[in-house]
Amino acid sequence: MSKKYVYMFSEGDASMRNLLGGKGANLAEMTKMGLPIPQGFTVTTEACNKYYEDGEVIAGEVVEQIKASLAKLEEIAGKKFGDSKNPLLVSVRSGARVSMPGMMDTILNLGLNDISVEGIAESTQNPRFAYDSYRRFIQMFSDVVMEIAKSKFEKVLDEMKESKGVKYDSELTAEDMKNVVAKFKEIYKAEKGEDFPQDPYAQLMAAVRAVFRSWNNPRAIVYRRMNDIPSNWGTAVNVQMMVFGNMGETSGTGVAFTRNPATGDKEIFGEYLINAQGEDVVAGIRTPKSIKTLEEDMPEVYKQFMDIANTLEKHYKDMQDMEFTIENGKLFFLQTRSGKRTAKAALKIAVDMVDEGLINEEEALLKVEPKQLDQLLHPTFDADALKKAKPLGKGLPASPGAAAGKVYFTAEDAKNAKEAGERVILVRLETSPEDIEGMVAAEGILTVRGGMTSHAAVVARGMGTCCVCGLGEIKINEEEKYFTLAGQTFHEGDYISLDGSTGNVYGEDIPTVKPEITGNFARFMEWADKVRKLKVRTNADTPKDAKTAVEFGAEGIGLTRTEHMFFEEDRIPKVRKMILAKTEEERRKALDALLPLQKGDFIGIFEAMEGRPVTIRLLDPPLHEFLPHEDDDIRELAKDMGITFEELKATVVSLHEFNPMMGHRGCRLAVSYPEIAEMQTRAIIEAAIEVKKNKGYDIVPEIMIPLVGEVKELKFVKSVVVKTADEVIKEAGVNLTYKVGTMIEIPRAAVTADQIAEEAEFFSFGTNDLTQMTFGFSRDDAGKFLEDYYEKQIYDFDPFAKLDQTGVGELVKIATEKGRSTRPDIKLGICGEHGGDPSSVEFCHNIGLDYVSCSPYRVPIARLAAAQAQVKNPR
Ligand code: ADP
Ligand code: MG
Ligand code: MG
């Protein structure tokens, strides 16, 4: 028996999401629940993967199974596919494991051709409906399968509406639609050199292939990378019998959420259009009506709709995003899924559902995407400044938050401006999936057209980007890059501000303020803290960052980089003196001048952390980073320092390295110049003693020696640190304990971690360098070629953003085991970029690290990710 690649809806259920995709699994589940679902079948994600393994062909066995399932569907429907009088028509819908909005387009009314369109016109006595369906099918098939630009077809339709003096497609007659069909077919022929395909089977197979193909279109690849979706998941294909919302005034189509996806309020939220089909609602063809008016339009349907909506929410224990169609007064559901929502809504819904008794606290923790919390950790408008500002217009509050920046009109301009360091507001007539990169780059998005469920709104909410849409008063000229609103003209680069919570748009740059963790957010985070086993620390180099992190729940500092302090304007001359010193004596003198400054830094940090653990890393970067490299700058500095240009130039040249990342840095500096480590140790210990004395905090400083690859080099530097520290403690005549540990960031250290642990009291995985050294490419250069790797699917993700669990992660695991074998109570943490990435946090939980450390703004994200990891895999 060959493998099963196709499942009827009645054969599946919600647990089969990986195989059937989200849409297919839920259609099966709803079928099982006895809801009104047009029947159909799902071609599995495995068939998609097989398609690629076989060199982009649909295997014979898959084709056979599709045909067999189609025969079953014909029986259920009581209609024949390809029949000339009353044919079965289907939709072909993509559906991956997780929904990827706008990534892959659906084809409706498939199975129609020149003959059956007449048959349907006859049998339904509704020729307008027949030709409307056919013109839609031709356009969707041409666009999605044959890649003929949609705009060519839209132009014909626009011209037709204009010549008829009507505004909406729903006002066009049967005869008009028939003419549109004829013109559409001409376009097809002109573009493809052949007639529009008339064989329904050929149409179907071409559509299935197009869905498979779309899994690897560039937009899908970008979306996957942004959302941690591996390329080997594949997409399923759903083939479903059509129901028709375009049969007249008692038909329609809509989308709805069981709760408000922007605020989380418990109320039905949605829109529908009468006499419309498919994406008409989201595409903003006509202005949709609020779902609440359905109660007056069709009371019976509304009641049934609300019943099903409530049933679905209770069944899935989550807010549902539903799609439905009404055919001649009869309601059908076409989709349900967990609805995308803003972070604010996600928290409210999670907390409300616990209060309603629908879910428990642990389940609630899984209802919020950790990365989403980022939205709440970003600024809102300064209240006073906002009072003084006057809105120029008000659009729909599509995705909350505050954003101020310069306007740009294309995705590309937005992206470039962001890269140049600008705050960007993307302004578009409407957005489409091609705009995704510009939307990612933007602080805020403003559209002229489109409703609360438009592309811009849905995508912005998903990303947590502030968005105002449907501000129709704007006159926009995208080509010439300006728009006018309330009599004012804004060109590229002019400032505006958007309030995504009210829909207000302002013609100025309004200052924003820092957020706070209160209300639902605070309550939810308490649940997370109660559950998680992994501690969360922060990477902070200044008292200000340290304070922010503590407000966000940091339990300590995992990494303080001392070199950041060396770069400050009042310090760098002293650092340079130290570097240029010819003798140890001279160097010590220069270091003495730095000592009080460093000590001051550490006092500030210890005070901000109020006794929480603090890990301080000794100087790490190569010394030449502190010196100028251009002759002019060297000359100037030489003058300032009272030495000759030649002398300084010679030092700069002598410090030059071919590969500084692998050069004279980290603990190697302390091996050559132990006095640097001495000074830093003294500063740390003296600061700790002073703060302990003055504030009573019981500080146990953790001194971290970077870039160790061999236990003997650690042993050497550690002896310098210990000798100095003990001296200082003795001088002060106090009791103070401290720890000495190392970063594990060189593969050699990871594989000899049992030896390293003989000296190190703690390990902190420096996964930035460790990734760099394991892959053998640098973080700064990888950007140039990683794009090619994504495109060719060699790598799915940036390993500097998301921990490479197979390679780098394996080294972390080895080091963890080896370290513990020597020193069972060794403290283990991670302090690379990865410490704030949810999937990497989960990995750290699973391999048993003690803590993760990340930048202050990611602390809440890591706290939640750690809690989710514990719920999923208790330890
Ligand atoms: P997306 O994943 O982009 O939401 P869908 O596959 O859900 O795409 O299709 C979009 C819309 O097309 C649906 O919301 C529905 O209105 C319409 N549609 C899909 N299949 C059918 C069908 N069998 N009958 C009627 N309308 C359908
Ligand atoms: Mg779509
Ligand atoms: Mg859909």
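In each ligand, atom 1 is the first atom listed, and ligand 1 is the first ligand listed. Bear in mind the structure is a predicted one, so any value in this text is a computation, not a measurement.
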Do any N or O atoms from the side chain of Asn275 and from the backbone of Gly252 form a donor-acceptor pair under 3.5 angstrom? no

Part of [X] within contact of ligand 1 (heavy atoms, under 4.0 Å):
X: Gln335; result: side chain
X: Thr253; result: side chain
X: Met242; result: both

Note: Val368 and Ala346 closest approach over all heavy atoms is CG2-O, 3.8 Å

Establish, yes or no, whether a centroid distance under 6.0 Å links the rings of Phe81 and Tyr201. yes

Have a look at Arg93, Lys23, Gln277 and point out the one with the heavy atom closest to atom 2 (O) of ligand 1. Lys23

Heavy-atom nearest option to atom 18 (N) of ligand 1, drawn from Asn238, Val243, Leu110, Leu108: Leu108

[X] N/O under 3.5 Å from ligand 1 N/O:
X: Ser91; result: yes
X: Thr106; result: yes
X: Phe324; result: no

Numbering the atoms of ligand 1 from 1, which are under 4.0 Å from a heavy atom of [X]?
X: Met241; answer: 22 (C), 23 (N)
X: Gln240; answer: 20 (N), 23 (N)
X: Gly278; answer: 11 (C), 12 (O), 16 (O), 17 (C)

Do Lys161 and Glu171 meet the salt-bridge criterion of a basic N to acidic O distance under 4.0 Å? no

Does a side-chain N-to-carboxylate-O contact under 4.0 Å join Asp435 and Arg428? yes

So, Gln335 and the Mg ion (ligand 3): N/O/S under 2.8 Å, yes or no? yes

Sole candidate of Glu313, Met30, His315, Glu323 that passes side chain to side chain contact (heavy atoms under 4.5 Å, CB included) when paired with Thr336: Met30

Walk me through whether Asp83 and Lys79 qualify under salt bridge (Lys or Arg N to Asp or Glu O under 4.0 Å). CA-CA 8 Å; Asp83 188 78; Lys79 291 180 185 178; over 6 Å; no

Beyond-backbone contact of Tyr134 with Ile138, side-chain heavy atoms, under 4.5 angstrom: yes

